Structures are given as C-alpha cells and as structure tokens.
Trainee: 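Below is one structure. I have some questions about it.
Everything numeric here is computed off the predicted structure, so don't read it as measured data.
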Amino acid sequence: MSSAALRARVLHAVSRSADVPRKGLTTGHFRGINSNAFRSPQSRRFRHSTLARCSTAAAMPSDVADSILKTAEEYPMLIDGKLRQGSAGTSPVVNPATEQPFAHVPSAGMEDLNDAVVAAKRAFPLWSKLDYDEKVTYLEKFAEELKKDAETIATLLTKEQGKPYASALAEVKASVDRIATVSTLGPLQPEVLHEDEKTRTEVHRVPRGVAAAITPWNFPVLIAASKAASALLSGNTVVIKPSPFTPLSTLAMGKAAERAGLPAGVLNIVAGGDDLGKALAEHDDVRHISFTGSVATGKKVMATAAAGLKRVTLELGGNDAAIVLDDVDIEPASRKIFQASMANTGQVCTAIKRLYVHEKVFDPLIEALVTHAKNARVGDGLTKGVTHGPLNNKMQYDIVTTLLDDAKDQGAKVLCGGSAPEGPGYFFPPTLVTGVKEGVRLVDEEQFGPVLPVMPFSDIDDAVDRANASPFGLGGSVWTSDPERGAEIASRLETGVTWVNAHITGDFAGKPPPFGGAKMSGIGREHGRAGLEEYTDLKTIRVAKKL
C-alpha cells in the first residue's frame, strides 16, 4: 500500500471518532461531572485488582489523608484576589479508584466567571507595566507557597486523578520547578532591526491582555502552573478553568496564590463544567485562549476564538509512534519504552501509542515488555507500592475498552493484561497487543490508556511512512545503538518533538525547548522562550529622528 493510500485510510478511521473527547474540556458529556461516573460499584463485572511486585512508590501520610477527608469542600475559587464560593452551587468530585464522590467543589455561575475576567482585565494595565524582576518576585512567592502545600495538593491530586501518590507529589514539585524555569527565560527585550542617523526600527513583544487557560485532567497542576507562569511573566493576566474531573488540586493552587499576595485579579481560578469553559472562551475581554485537550474540543475552541479573532494555543491529541531499529540494546530500551507508554496509566499526550519494531528484535523486545507489564502493580494510588492507578473517568475507560475489543474482533493477540479487575474503580492493567496494523482503530486513533499495539517492520522507509501516516503529529522516537543514524531517521518524522533513545522525558540539558504539535496535534508552542513569546504580539516602532 502506498504511503498516500495508507494516510487516507488512517484519516478515514480517525474521522469516525473525531468527536470523542479524550481529555481536558469535553464536548457536552456532562455538566460538572458525568452522571455515569456514579454507577454502583456492584455493577462492575470484573475481578478484584491483583497487586504484583513491590515498587518504590511512596505512601500518602495518614494525617494528610484524614485532613483531606475533613476539608475537601473547603477549596474555594480565587477571583479578584479573594477566595469565594460559586453562585451555581457545588459539584461532586469522583475518586476514580472507587467510582464514588469524595468531595464537592464550588461551581461558578456566569456572574462569577464575568467577575474573574473583569478583574483580570482591570489588573492588566498595572501588571503589564510591572518590571520583569518584580513579576518574578511575585511568582517566586507563589512557588514557595505551592511547595509548602505539596503533600496536601498531591493527596488531592491522587484522589481526584488516580495517579500514584509518588507521581502526584512529583507533579507538584515539577510545577514549582517549572515556575522557576520560566522565570529565567525573560525579559523579552525589544530588538533593534535598524538604526542610522535618520531612523530607528524596533520590534517589541507586548502582552495581549486576559489569557484563558483551560486545562486537562491528566496533569492538572503541572499544566496549570506552566500556562500561568508563561502568561503572567510575559505580562498578561490569567483566568484558569480546570477540568471538572480534577478541579480540587487546581483550586488548592488558588489558596497558595492568595497567600503569596499576588495582586488582585492577576491570577483567577474558576471551577465548572463545559458551559463554563465555553463561556470563558467566548468572553469578549479574553484575548488569548490556551487549551490542552482533545482534537475535537480544540476545533470547537478554535471556532469560538475565530468569532472574536482571539489568539489560541492548542496542545491537542497525539498518536506517538516509536521506531525500534535492529541494533537496539533490548534491556534498557524495553524498560524506557514501557515507562514511556504506560506512565500515568497511558494518559499522557506524548506517550508512546504505537510501537514499530524491526523484525530481527521483535520477539526479544516483546518478551522484555511483557515482563515489565507483569511486574506492574495496579491499584489505588494511595496504596504503598502501586505503580499504576486507574484511568481517570468512565468515559476514558470506555474508550480504552472499546478500542481493545475492536482490535480483538479483528484478530489481535493480547499478550498480557487485556481485562479489567473486578470491583469498583476504573482500573485497567498494562496491555500489549500484536497482530494489528493500520486500519485497526487501536492503531489509528489515540487510545490514551495502557494498551500498546506492537507491530513488526523490515524496511525503515516503510516504518517511517507508517509512523507518518497519521493526522496526529505530537511526538515520536527512534531507538538504536547508533545515535547519529537515529537522529537522521528522527528528522523524517512529522512531529513537533522527536527523541532518540528516549520518549516523554522533559530532561533536556540547557535551556528548555519549545513544545507543541504538528498537523492536528496543535497550534503554537508552550515551554521555553517560545512559550513566553506565545502570549505576546509583535509591535513595530519606527522612529524618524528628524521631521
């Protein structure tokens, strides 16, 4: 099959499910929270979760757990420098390990939302004129307060998102580090393009105004911190709207910001469902929308932005391919590939979601991956030793199981995993699948879960064509003992970021690079200096020195 025909087949397959939301703001599935999430645990028809071997995962401090249970409803919104409840009542937050609500959060009404945006607009003139070092000082105070609350926020994050406590704590700490990193990237100085005795031409980066940050449920703290830091330090003011699935940890960030003494209106955090996110994107005073989530919802955000010619940054879905060459060192490669495909139970935008392996090393690599999968420990993220928590919500659980069932109907072979444990919780074990190819939904679509299709190849040009025959283009990787050969092949992948002998890692030496997708995986860039510039407009000033 030609690469053009292959690409056409994949595009057709993806279009069948383009409207299925995967993460972040969803498309009308719920108001506050999906009512399907409250189905009785007794209705689950699977076996109880089995725990394999111990890992180094940390346990949640018991005193923190008790405190969370008592105070889960005490996380108000941050609007105009003040903590307040929502005028639309409250919404439940479900623990994906139990399928039961464990807390309620305030729900913002349209009045609350308008107050937040108006406050941000009112704060913008002074904040945008503030010296860069003064902005950094405020952000440093915010990061300090966030660090003080790290264990509490991590516990909230585990309970609402599902990830193991150690991973949640690492996310909060990474958020603190991200703020510090962004602070080193500015200020954005004017550039003098030309100057002589008659004229001078300067190009300035100027902030836009109110930025709306709509964040997903897979890494709610880190993504909110990253968007806020870049937008604030480039001179904008911000309104954050977290996913209804994971609002608590973001609201907890608001308490840290309030204690840090950020000027009123500079950073606002509101909670609510789809209608709130849509209203935020539509608000006349919002000039930039930064959204992380599904392609389907990203298109809706872009359409909304078009009406007001708002600027957008979209970090959308991915179907990352990894290509393993015939000279690879099996042991380290298998360990890293397993981690890059199954981290956060596969709920990572840049996770490996398709694996192409040279036929010479296909069997030994599969054997090593199966061993890693069988050693995983699936369970409640608050249980010591658990390495993989549940999927975050019923909707995502259904997507994963539907794609796997479809693959099995088309002859796929499940090497390990493949069925959920009995009892409550959206648990699903690491699953490896062979016997599939392009045209099967599990290969063509983004599963966003712990199910990895593994496919052999014999010709590297064929592997590259198959990897590129996708409407997505977020990340990709090449695995080899020859890094220069790997870099050459990596340059041929149609992605926003490509790794050699790594994947998903943010461990870059030197200055942080920009991050974003090609094709349908996004518009614009986050992180690095480009992420700071993303929230600005170019302004040219031409000075005639004499009349």
Trainee: Please identify each residue that fulfils side chain to side chain contact (heavy atoms under 4.5 Å, CB included) with T431, with sequence neighbours left out.
Mentor: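 Side chain to side chain contact (heavy atoms under 4.5 Å, CB included) check on T431 returns L404, V414, F428, P429, V433, V451.
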Trainee: Does D329 have any salt bridge (Lys or Arg N to Asp or Glu O under 4.0 Å) partners at least two apart in sequence or in another chain, and if so, which?
Mentor: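 Result, salt bridge (Lys or Arg N to Asp or Glu O under 4.0 Å) vs D329: none returned.
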Trainee: A518: what forms a side chain to side chain contact (heavy atoms under 4.5 Å, CB included) with it, not counting sequence neighbours?
Mentor: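 If we apply the side chain to side chain contact (heavy atoms under 4.5 Å, CB included) test to A518, skipping adjacent residues, there are no hits.
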Trainee: Could you list the residues that satisfy salt bridge (Lys or Arg N to Asp or Glu O under 4.0 Å) with E331, not counting sequence neighbours?
Mentor: R335
Trainee: Under the rule for side chain to side chain donor-acceptor pair (under 3.5 Å), what residues qualify as partners of R492, not counting sequence neighbours?
Mentor: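 R492: side chain to side chain donor-acceptor pair (under 3.5 Å) contacts with D461.
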Trainee: Show the atom names and distances, to 0.1 Å, of all donor-acceptor pairs under 3.5 Å that link a side chain in residues 360-371 to residues at least two apart or in another chain.
Mentor:
from : atom 1 : to   : atom 2 : distance (Å)
T371 : OG1    : E367 : O      : 3.1

Trainee: Identify, with sequence neighbours excluded, every residue that meets side chain to side chain donor-acceptor pair (under 3.5 Å) alongside T304.
Mentor: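 Residues passing side chain to side chain donor-acceptor pair (under 3.5 Å) with T304: none at all.
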Trainee: Should the ring pair Y397 and Y426 be called parallel, tilted or perpendicular, given that the plane angle runs from 0 to 90° and is split at 30 and 60?
Mentor: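 Tilted: the ring planes of Y397 and Y426 meet at 30° to 60°.
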Trainee: Not counting sequence neighbours, which residues clear side chain to side chain donor-acceptor pair (under 3.5 Å) with K163? List them please.
Mentor: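 Expected list: E171.
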Trainee: Between the side chains of K278 and D274, is the shortest nitrogen-to-carboxylate-oxygen separation below 4.0 Å, so that they form an ion pair?
Mentor: no
Trainee: Got a sec, which residues hit side chain to side chain contact (heavy atoms under 4.5 Å, CB included) with A229, two or more places apart in sequence or on another chain?
Mentor: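 Once residues adjacent in sequence are excluded, the partners of A229 under the side chain to side chain contact (heavy atoms under 4.5 Å, CB included) criterion are I179, V182.
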Trainee: Restricting to ring pair (Phe, Tyr, Trp, His ring centres under 6.0 Å), what partner residues turn up for Y535, sequence neighbours left out?
Mentor: H288
Trainee: Name all residues meeting the side chain to side chain donor-acceptor pair (under 3.5 Å) criterion together with E160; count only those two or more places apart in sequence or in a different chain, and write none if there are none.
Mentor: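 Checked E160 against side chain to side chain donor-acceptor pair (under 3.5 Å); matches are S249.
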Trainee: Listed by chain and number, what are the side chain to side chain contact (heavy atoms under 4.5 Å, CB included) partners of K147, not counting sequence neighbours?
Mentor: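 Result, side chain to side chain contact (heavy atoms under 4.5 Å, CB included) vs K147: V176.
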